Novice: 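Pasting a structure below so you can have a look.
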Amino acid sequence: MNYVILVFGALIFMIGAMVLVRPDTVFGLMRRHSGTLGIHILAVVVRLALGAALVVYADESRFPVTLAVLGWLTLVVAITLAVMGRSNFLSLMNWAMGFAASYGRLAGVLALLLGGFLIYAVGL
């Protein structure tokens with residue numbers, strides 16, 4: 001059942017690759033939709049699903065403690081995003097988008113590494 005983590009790892013890896021190749025496209029999309037309720041809900045739901053999967057399936061991985069810690073941290077972030085409110089979420093997104101021009105490609109590399117690690121950790 002660790003396929004859930006494998007899918008998340010692959011998606012994170014692909015998004016990281018897209019950020020490396022076309023950062024303006026990815027960050028432009030994020031800027032256009034950062035104020036919508038859907039992005040806020042998506043940010044919470046995706047983190048809840050990933051965090052729960054990491055915690056539940058950590059024991060089946062190559063790095064059970066690391067994945068469990070990542071899972072709990074992801075759940076804490078999801079809960080924080082859920083309770084922070086829309087205006088604070090919008091402020092957070094605007095703040096983060098301010099770094100996109102300078103550190104966007106670094107974020108892409110980090111996403112590639114995280115996605116690759118998740119794939120390796122639950123590897124087939």
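The figures here come from the full heavy-atom set of this structure, side chains too, leaving out hydrogens, waters and symmetry mates. Quantities reported herein were computed from a predicted structural model and do not represent experimental measurements.
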Novice: With distance as the sole test, does Arg31 use its side chain to make a donor-acceptor pair with the main-chain N or O of Asn94 at under 3.5 Å?
Specialist: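 It does not hold such a pair.
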Novice: Return the OH to CG distance between Tyr57 and Asn2, rounded to the nearest 0.5 Å.
Specialist: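 Going from OH on Tyr57 over to CG on Asn2, the span is 8.5 Å.
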Novice: Measure the shortest side-chain to side-chain distance between Trp72 and Val55 over non-hydrogen atoms and say whether it is less than 4.5 angstrom.
Specialist: yes
Novice: Is it true that a side-chain atom of Arg62 and a backbone atom of Tyr120 form a donor plus acceptor pair closer than 3.5 Å?
Specialist: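 Flag set: sc Arg62 to bb Tyr120 pair under 3.5 Å.
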Novice: Looking only at non-hydrogen atoms, find the nearest pair between Ala17 and Leu112 and report the distance.
Specialist: N-CD2, 3.8 Å
Novice: Around Arg22, counting heavy atoms of other residues, nucleotides and ligands shown, do more than 12 lie under 6.0 Å from its CZ?
Specialist: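 Count not over threshold, so no.
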Novice: As a quick check of understanding, evaluate side chain to side chain contact (heavy atoms under 4.5 Å, CB included) for Phe27 and Val19, giving each step before the final call.
Specialist: CA-CA 8 Å; Phe27 292 123; Val19 168; 3.9 Å; yes
Novice: For Ile12 and Ala111, which heavy atoms make the closest approach, and how far apart are they?
Specialist: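 Shortest heavy-atom separation between Ile12 and Ala111 comes out as CG2-O, 3.2 Å.
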Novice: In the single-linkage hydrophobic clustering (I, L, V, M, F, W, Y; side-chain heavy atoms under 4.5 Å), do Met18 and Tyr103 co-cluster?
Specialist: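 Cluster IDs for Met18 and Tyr103 match.
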Novice: Report yes or no: do Ile79 and Val45 belong to one cluster of Ile/Leu/Val/Met/Phe/Trp/Tyr joined by side chain heavy-atom distances under 4.5 Å?
Specialist: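 No, because Ile79 and Val45 fall into different hydrophobic clusters, even though each may have its own neighbours under 4.5 Å.
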Novice: Do the side chains of Leu90 and Ser34 get nearer than 4.5 Å, heavy atoms only?
Specialist: yes
Novice: Evaluate the side-chain proximity of Phe13 to Leu114: yes if any heavy-atom separation is below 4.5 Å, no if none is.
Specialist: no
Novice: So which atom in Ala121 and which in Leu67 form the shortest heavy-atom distance, rounded to 0.1 Å?
Specialist: CB-CD1, 4.0 Å
Novice: Hey, quick one: are Val77 and Met93 part of the same hydrophobic cluster, counting side-chain heavy atoms closer than 4.5 Å, chains of contacts allowed?
Specialist: yes
Novice: So do Leu54 and Leu118 actually touch side chain to side chain, heavy atoms under 4.5 Å?
Specialist: yes
Novice: Ignoring hydrogens and geometry, is there a side-chain-to-backbone donor-acceptor pair from His40 to Leu81 under 3.5 Å?
Specialist: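 Side chain of His40 to backbone of Leu81: a pair is present.
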Novice: Between Arg47 and Thr74 (side chain of the first, backbone of the second, donor and acceptor by atom type, cut-off under 3.5 Å), is there such a pair?
Specialist: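 Judged by distance alone, no pair lies under 3.5 Å.
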Novice: Can you measure from CZ (Arg86) to OG (Ser91) and round to the nearest 0.5 angstrom?
Specialist: 11.0 Å
Novice: Measuring from atom OG1 of Thr80 to atom CG of Asn88, what distance do you get when rounded to the nearest 0.5 angstrom?
Specialist: 11.5 Å
Novice: Hey, what's the ring geometry for Trp95 with Phe99, parallel, tilted or perpendicular (30° and 60° as the breaks)?
Specialist: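 Rings of Trp95 and Phe99: perpendicular, as their planes differ by over 60°.
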Novice: Let me see the working for Leu50 and Leu75 under side chain to side chain contact (heavy atoms under 4.5 Å, CB included), right down to the final yes or no.
Specialist: CA-CA 8 Å; Leu50 177 59; Leu75 289 172; over 6 Å; no
Novice: Write down the atom of Ser61, the atom of Ala58, and the distance for their closest heavy-atom approach.
Specialist: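 Minimum heavy-atom separation between Ser61 and Ala58: OG-O, 2.7 Å.
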Novice: Taking the side chain as every heavy atom from C-beta outward, state whether Leu37 and Ile41 have any pair of such atoms under 4.5 Å apart.
Specialist: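 A side-chain contact under 4.5 Å exists here.
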Novice: Find out if a path of hydrophobic residues (ILVMFWY) with successive side-chain heavy-atom gaps under 4.5 Å connects Phe117 to Leu11.
Specialist: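 Unlinked, Phe117 and Leu11 end up in two clusters.
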